[in-house]
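So the structure is just underneath, and the comments pick up after that.
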Amino acid sequence: MVGLPELWLPVVLAAVICFVSGFLLYMLSPLHKKDWSGLPGEAGVLDALRKAGVGAGQYMFPWCGDMKERNQPEFQKKWAEGPSGVLIMRRAGGTSMGPMLIQMVIYHLVVGFLVAYLAGRTLQHGADYLAVFRVVGTAATLAYGFGTIPQTIWYQYSWGYTLRTIFDGLLWGLLTAGVFGWLWPR
């Protein structure tokens, strides 16, 4: 068994490499350029949302607070006429990248820590590169890549977006596996 204190360097280095690769994927490559699009009639929609007093939060529409209401004709009519969807509203005043970037670093560190825990419990000191790569790569790819699938199933994210997110997870999983394989305690 390999203790977590012995794995702090691969955890931190993998987090840094995954963070930098995320910057490259989202800011410099064309891969995610079409993940989102603007609303038709955006000015009118924004005006309507302001007038309705919609604040930061997660909303689903049409909404019924009680599952018994789902079968009522009024709700079924709203559902049939549309539109239906999920709306995520941020706080007004713009978005500050600093806190989100810090949260991404923490995310990468947490995934690295959990992967290190699993690998440390399943692999011995001196495990060969490929054995470490397999265990860490599988766990990291699952952690990074497959969380979007339920969102796609239930909230209808596009499958193109989901597949690109899975690709990101695969890349981050492979990078994490490479770092752990390289720095695994001998």
Indicate if Phe19 and Val110 have the same hydrophobic cluster label, given that clusters are the connected sets of ILVMFWY residues with side-chain heavy-atom separations under 4.5 angstrom.
no
From the list Val179, Thr176, Leu175, side-chain contact (heavy atoms from CB on, under 4.5 Å) partner of Leu13 resolves to Val179
Strictly distance-based, threshold 3.5 Å: is any side-chain N or O of Asp66 a donor or acceptor partner for the main-chain N or O of Glu69?
no
Hey, any chance Met1 and Phe180 share a hydrophobic cluster, counting ILVMFWY side chains that come within less than 4.5 Å of each other, even indirectly?
no
State the OG-CG distance between Ser158 and Leu163, to the nearest 0.5 angstrom.
8.5 Å
Can you tell me how far OH of Tyr117 sits from CG of Leu7, rounded to the nearest 0.5 angstrom?
12.5 Å
Which pair of non-hydrogen atoms, one from Val11 and one from Gly112, has the smallest distance, and what is that distance?
CG2-O, 3.5 Å
Taking the side chain from Arg186 and the backbone from Ala127, do they hold a donor-acceptor pair closer than 3.5 Å?
yes
Inter-residue atom distance Lys51.NZ - Asp47.CG, 0.5 Å rounding:
4.0 Å
One should read off an interatomic distance between Leu28 CG and Ser21 OG, to the nearest 0.5 angstrom, of 11.5 Å
Any luck finding a side-chain donor-acceptor pair between Tyr26 and Asp168 under 3.5 Å?
yes
Would the number of heavy atoms belonging to other residues, nucleotides or ligands and lying under 6.0 Å from CZ of Arg50 be above 12?
yes
Quick check: is Phe113 connected to Leu183 through a chain of hydrophobic side chains (ILVMFWY, heavy atoms under 4.5 Å apart)?
no
For the residue pair Trp172 and Val111, establish whether any side-chain heavy-atom pair is separated by less than 4.5 Å.
no
Could you check if a side-chain atom of Thr148 sits within less than 4.5 angstrom of a side-chain atom of Ile166, using non-hydrogen atoms only?
no
Give, for atom CG of Leu9 and atom CH2 of Trp182, the distance between the pair rounded to the nearest 0.5 Å.
7.0 Å
Do Tyr157 and Thr165 touch side chain to side chain, with heavy atoms closer than 4.5 Å?
no
Could you give the side-chain donor-acceptor pairs of residues 71-88 under 3.5 Å, partners two or more places apart or in another chain?
residue, atom, partner, partner atom, Å
Gln76, NE2, Arg70, O, 2.3
Lys77, NZ, Glu81, OE2, 3.4

Mind checking whether Leu25 and Phe167 have side chains closer than 4.5 Å, heavy atoms only?
yes
Can Leu4 be reached from Leu114 by stepping across I, L, V, M, F, W or Y side chains whose heavy atoms are under 4.5 Å apart?
yes
With a 4.5 Å limit on heavy-atom distance, are the side chains of Phe133 and Trp184 in contact?
no
Tyr161 OH to Gln151 CD distance, which is reported to the nearest 0.5 Å
9.0 Å
Co-membership, hydrophobic cluster, residues Trp63 and Leu49, 4.5 Å side-chain
no
